[in-house]
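The structure appears right after this line, and notes come after that.
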Amino acid sequence: MTSLNRPLPGVRLDGPGQLVDPECEWHISPFGRSYFVNHKTRTTSWNKPKLERPAGSLTPECIIEGHSRFIWSLAYLKASSNLMSASSDGSIRQWKRDGEPVGKSWDGGGAVESIAVHVDDTTVVSGSLDGRLRLWNIKEGSIIGDPWEGHNATVKCLDWSRDALEIASGSEDGTIRRWNPDTGRQIAPPIKASHGWVMAVKYSPQGDKFISGGNGPICVWSRDGKLLKEIKGHDNFVMSLCWSKDGAHIFSGSADDTIRKWRAIDGKELVVLRGHTGAVRSLCLTPKERYIVSASYDCSVRIWDLKTNQAVGDPLLHDDGVFAVAMSPDGKCIASAGLDKNICIWSLEAALERHQGADGGNAKLKASHLSFSFKVTLHLHFRPMLPDVHPSV
């Protein structure tokens with residue numbers, strides 16, 4: 001029930017355009033370890049080179065350490081503003097804003113790629129590499145009942161319906177399944193999506209429909225699972241989705257490096273946000289929906305002003321690709337995490353202050369980020385062109 005296929009020794013793991021430095025290659029050794037070859041310097045290393053940050057880059061208010069492997073998913077609890085994280089190390093953890101752990105870590109039954117919190121913060125559902133879903137009591141930190149079985153590959157995404165009567169899951173097996181959270185049983189036959197892998201699934205705020213994304217169009221489904229429309233425009237995998245609060249607009253992040261805004265009623269493309277140089281893996285809106293925040297494989301989190309449709313403030317930089325981003329309930333903090341195993345807590349106000357009052361600010365920020373990209377000795381974009389390879393570095 002796992003989709004993790006080990007590549008053979010000597011096989012090159014990167015594809016065209018996946019490495020910023022064209023002189024570098026990513027391989028796997030006979031020992032099963034990744035190594036990196038730089039033809040320009042004629043060097044080979046076990047370790048991925050560190051990024052050189054531009055001078056004056058904004059630093060996180062807090063860096064939370066604790067996971068031993070990369071972090072796939074983040075979710076805030078509304079009442080406490082505590083943060084939950086799910087990791088490839090097989091654990092689910094809860095943290096206070098200052099980084100203090102809350103209780104012990106939970107054993108997610110292997111690498112945990114997705115979590116979604118109940119609207120009243122009482123339970124959280126997780127999806128794992130083994131294809132199973134698990135429901136957890138947040139207060140007790142314990143699993144409720146047995147794991148839910150149905151998918152035969154990694155569970156990539158989860159979402160609760162707004163009335164909390166059902167949970168939708170999407171998987172590498174190409175299906176969307178809907179579950180009764182009280183029984184752990186499926187409430188309808190699985191939906192076979194036209195876009196293959198299901199990378200994202202989101203219920204509308206009104207609860208009458210849901211959307212899904214993967215290697216193909218964004219699909220809009222009725223609550224009872226009928227396909228209403230397909231929204232086309234992205235040139236690669238759709239990795240992340242979110243709705244505006246009124247349900248009028250859909251936002252999508254893609255492996256084509258763009259974020260797009262669509263009119264939900266007819267699927268018309270309204271805006272294309274460009275600036276990332278890697279797949280956009282996660283999106284979240286600020287509470288008043290003035291800004292949308294994106295996390296990318298290009299090692300950055302970016303903030304976009306939806307009035308001007310421009311990136312604002314500094315790029316918020318990690319040491320490696322960023323898989324997840326979440327906004328605190330009060331709208332003051334951004335949490336981000338990914339391949340570097342750390343959770344960074346950023347001040348939205350501090351990030352925006354870098355942008356305020358300077359006519360040339362955007363140009364300087366763009367130049368800074370461009371310089372950052374070119375100074376990278378090796379910068380991996382883990383594109384879904386290699387769907388069965390999970391980074392081990």
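Look at Arg263 and Glu269 and you find no salt bridge, because none of the NZ, NE, NH1 or NH2 atoms lies under 4.0 Å from a carboxylate O. A salt bridge between Asp305 and Lys307 is absent, with no side-chain N of the basic residue lying under 4.0 Å from a carboxylate O of the acidic one. Look at Asp330 and Lys78 and you find no salt bridge, because none of the NZ, NE, NH1 or NH2 atoms lies under 4.0 Å from a carboxylate O. A salt bridge between Glu172 and Lys156 is present, with a side-chain N of the basic residue lying under 4.0 Å from a carboxylate O of the acidic one. The residues Asp235 and Lys232 are annotated as not salt-bridged, no charged nitrogen and carboxylate oxygen being separated by less than 4.0 angstrom.
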Test side chain to side chain donor-acceptor pair (under 3.5 Å) on Trp136 and Ser126 and set out the steps.
-> CA-CA 8 Å; Trp136 304 85; Ser126 65; 2.9 Å; yes
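When each of Asp257, Asp256, Asp298, Thr258 is checked for a side-chain hydrogen bond (donor to acceptor under 3.5 Å, both in side chains) with His276, only Asp298 meets the rule.
Between Phe323 and Phe70, the two ring planes are perpendicular [angle over 60°; tilted spans 30° to 60°]. Between Phe237 and Trp197, the ring planes lie perpendicular to each other; the angle is over 60°, past the 30° to 60° tilted range. Aromatic ring pairs are classed by plane angle as parallel below 30°, tilted from 30° to 60° and perpendicular above 60°; the pair Trp262 and His234 is perpendicular.
The main-chain N or O of Ser114 is never found under 3.5 Å from a side-chain atom of Ser73 such that the two would form a donor-acceptor pair. Checking side-chain atoms of Asp89 against main-chain N and O of Ser68 turns up a donor-acceptor pair under 3.5 Å. Checked by atom type and distance alone, the side chain of Arg93 never pairs as donor or acceptor with a backbone atom of Trp106 at under 3.5 Å. A donor-acceptor distance shorter than 3.5 angstrom exists from the side chain of Ser328 to the backbone of Lys332, with no hydrogens or angles considered. Using modelled atom types, no side-chain atom of Asp340 and backbone atom of His318 make a donor-acceptor pair closer than 3.5 Å.
Put simply, NZ on Lys226 and NZ on Lys209 are 14.5 Å apart, with the number rounded to the nearest 0.5 Å.
Ring to ring, His249 and Trp243 are not that close: their centroids are 6.0 angstrom or more apart.
Relative to the six-membered ring of Trp304, Lys261 misses at least one condition, a distance below 6.0 Å or an angle of at most 45° to the axis.
The minimum heavy-atom distance linking Pro181 with Leu165 is given by the pair CD-O, 3.2 Å.
Contact check for His195 versus Val238: no side-chain heavy atoms found under the 4.5 Å cut-off.
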